[in-house]
Amino acid sequence: MSKNQLVLGIIGGGQLGSMLCQAASRLKIKTFILSDDKNAPAKNFCNEFIHCNYKNLEEIKSFFEQVDIITFEFENIPFKTLENISKTKKVLPSPKIIEIVQNRQTEKKFINELDITTTSWALIKSKEDIEKNKHLLPGILKTCTLGYDGKGQYVLNTLNDIKDEWNFSSNYILEKLVDLKQEISVVVTRFFSGECVSFEPIENVHENQILKNSKIPANIDKKIYDQSQSSAKIIAQKLDFIGTMCVEYFIDKKNNLMVNEIAPRVHNSGHLTINAFIISQFENHVRAICNLDQIKNEKISNAEMINILGADIENYRKKSFKKNEFFFDYLKKDIKDKRKMGHLTILK
Ligand code: ADP
Ligand code: MG
C-alpha cells in the first residue's frame with residue numbers, strides 16, 4: 001500500500017464494513033478489513049483483507065501494523081483484542097465505550113445514570129431472580145452479551161415459561177415488554193472538536209426482532225423529535241464518542257420515549273442516508289475518525305429503506321429499478337433464512 005495514503009483498518013467484514021470501505025474510497029482513504037469469515041462480503045470492497053480469529057493476537061498484529069487508524073463495524077469484538085490493539089494504534093471509537101455497550105446491563109446502567117429513560121429492567125443470574133422480578137412480566141429475557149437481530153432473546157409471558165434446561169451460565173437482563181406504538185432511531189456523529197451532528201429520527205419497523213424497513217420522515221410529534229435528538233447527543237458526548245453511532249428508541253402507546261439500545265457504530269437504519277443526504281452516516285464516520293473536515297450535511301429527499309432477507313434477494317437480483325430506487329446487493333456467498341442479503345432504498 002502506498003505510504004502517503006491514509007489506511008483505515010476495519011474489524012468486521014459484513015455489509016456495514018463494505019459500506020464503510022465505499023465511503024473511505026470516495027475520500028481516497030485505503031481500507032484493510034480483518035474478518036473471521038473467509039468469505040466476508042467486504043472482501044469485495046476493501047483494498048486489503050485478512051482472515052483470522054478475533055482472539056488471535058499474533059495474526060492481528062500483522063493487521064494493525066499496516067494501518068493508521070482502526071475502527072469496527074460490530075460491537076461484539078473481544079474487549080481484550082481491542083484493548084491490545086489500542087496500545088499501539090488508535091482505535092476509534094474507544095474500546096472503553098465498547099466495554100460499556102457490549103453488555104446490556106452496563107449499557108442500561110450508563111443510560112439510566114444520565115437520567116434518560118430505558119425500558120424497566122433487572123439483572124438476572126438465576127431462576128429465583130426472575131421470580132423476584134415478576135412485575136417485569138410479560139417481558140423479554142436477553143443475554144447480557146453477544147445478542148443481535150433478536151438472537152439470545154426469550155419472551156416470558158408468565159413464570160411458567162421458564163425452561164428447566166436453562167442453566168444461567170451467563171447473565172441476562174429481564175426487560176418489561178413495551179406496548180409499542182413505534183420504534184425510531186437517531187444516528188449521530190461526533191467529531192474530535194466535540195461537535196455532534198445528527199440525522200433526523202428514522203422510523204423503523206421490525207419483524208421477528210429483525211429490522212424490516214426504515215423511513216424518513218418519522219411520523220412523530222415535536223416532543224419526541226426533540227427528545228430523541230437531544231438524548232442521542234447527550235449519550236454521544238458522555239461516552240466521549242468519536243465517529244458515528246446510533247440510539248434505538250421505543251415509543252409506547254402513551255407516547256413515552258425510551259432508549260432501547262445503543263449501537264456504537266454505523267447502523268442498519270442509517271442505510272438510507274447514503275441516498276437521502278449529501279453525506280451518509282458512513283462518510284461522516286470516516287471523516288470523524290480520520291479527523292477530516294466536517295461538511296455541512298443536506299437532505300436530498302425523504303426515503304424508505306427495505307431490508308432484503310434470505311432467498312428474497314434472488315427476486316431482487318432479477319428486477320429492474322426506477323431512477324429513484326437504489327438496490328444494494330451485499331454479495332454474500334450463502335443465502336440463509338433471515339440473513340440480511342441486501343437492501344433497497346427508495347427516494348420519495
Ligand atoms: P438486538 O440487539 O437483537 O437488536 P433489541 O433489544 O434491539 O435486540 O431487540 C430487537 C427488537 O425486538 C426490537 O427492535 C423490538 O422490535 C423488539 N423488542 C426488544 N425488546 C423489547 C421490549 N422490551 N418490548 C417490546 N419489544 C421489544
Ligand atoms: Mg436492536
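Basis for what follows: all heavy atoms, side chains included, without hydrogens, waters or symmetry-related copies. Numbering of ligands and ligand atoms starts at 1, following listing order.
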*asked:* For a quick test of reading the model, state the closest non-hydrogen atom pair linking Y249 to S231 and the distance between them.
replied: OH-CB, 3.4 Å

*asked:* Suppose we measure from atom 24 (N) of ligand 1 to each protein heavy atom; which comes out shortest, and what is that distance?
replied: V178 N, 2.9 Å

*Under 3.5 Å between some N or O of ligand 1 and some N or O of R104?*
yes

*Between H343 and Y330, what is the ring plane arrangement, given parallel below 30°, perpendicular above 60°, and tilted in between?*
tilted

*asked:* Among all protein heavy atoms in this structure, tell me which lies nearest to atom 3 (O) of ligand 1, with the distance rounded to 0.1 Å.
replied: G150 N, 2.6 Å

*Protein residue, atom and distance nearest to atom 18 (N) of ligand 1, heavy-atom basis*: F250 CZ, 3.8 Å

_Within this structure, what is the CZ-OG1 distance for the pair R190 and T244, rounded to the nearest 0.5 Å?_
12.5 Å

*Does NZ or CZ of K319 lie under 6.0 Å from the centre of the six-membered ring of Y316, at an angle within 45° of the ring axis?*
yes

_One residue to check: N204. Relative to ligand 1, which of side chain, backbone, both or neither has a non-hydrogen atom less than 4.0 Å away?_
neither

*Could you tell me the residue and atom name of the protein heavy atom closest to atom 26 (N) of ligand 1, and the distance to it rounded to 0.1 Å?*
L180 CD1, 3.7 Å

_Any donor-acceptor N or O pair under 3.5 Å, side chains N204, S214_ = yes

_Do I251 and V247 land in one hydrophobic cluster if side-chain heavy atoms of ILVMFWY residues count as linked below 4.5 Å?_
yes

*Is ligand 1 under 4.0 Å from a heavy atom in the side chain of I140, in the backbone, in both, or in neither?*
side chain

*Which bit of L211 is near ligand 1, meaning a heavy atom under 4.0 Å away: side chain, backbone, both or neither?*
neither

_Quick check on side-chain hydrogen bond (donor to acceptor under 3.5 Å, both in side chains): which of E261, E175, Q105 does K142 satisfy it with?_
E175

*Is the side chain of N307 donor-acceptor paired with the backbone N or O of L211 at a distance under 3.5 Å, no angle test?*
yes

*From the options E175, E75, Q153, select the one whose nearest heavy atom is closest to atom 23 (N) of ligand 1.*
E175

*Nearest neighbour in protein (non-hydrogen) for atom 10 (C) of ligand 1*: Q209 O, 3.7 Å

_F250-V187 co-clustered via ILVMFWY side chain contacts under 4.5 Å_ = no

_Please report, to 10°, the angle around the Mg ion (ligand 2) from atom OE2 (E261) across to atom OE1 (E248)._
100°

*Check: D252 side chain, N255 main-chain N or O, donor-acceptor pair, under 3.5 Å*: yes

*State the atoms of ligand 1, each with its element, that fall below the 4.0 Å cut-off from a heavy-atom position in E248.*
7 (O)

*Shortest protein heavy-atom distance from atom 6 (O) of ligand 1, along with the residue and atom involved*: K142 NZ, 2.6 Å

_Among H206, K176, E183, which one puts a heavy atom closest to atom 15 (C) of ligand 1?_
E183

*For atom 4 (O) of ligand 1, grab the closest protein heavy atom and report residue, atom and distance to one decimal in Å.*
E261 OE2, 2.9 Å

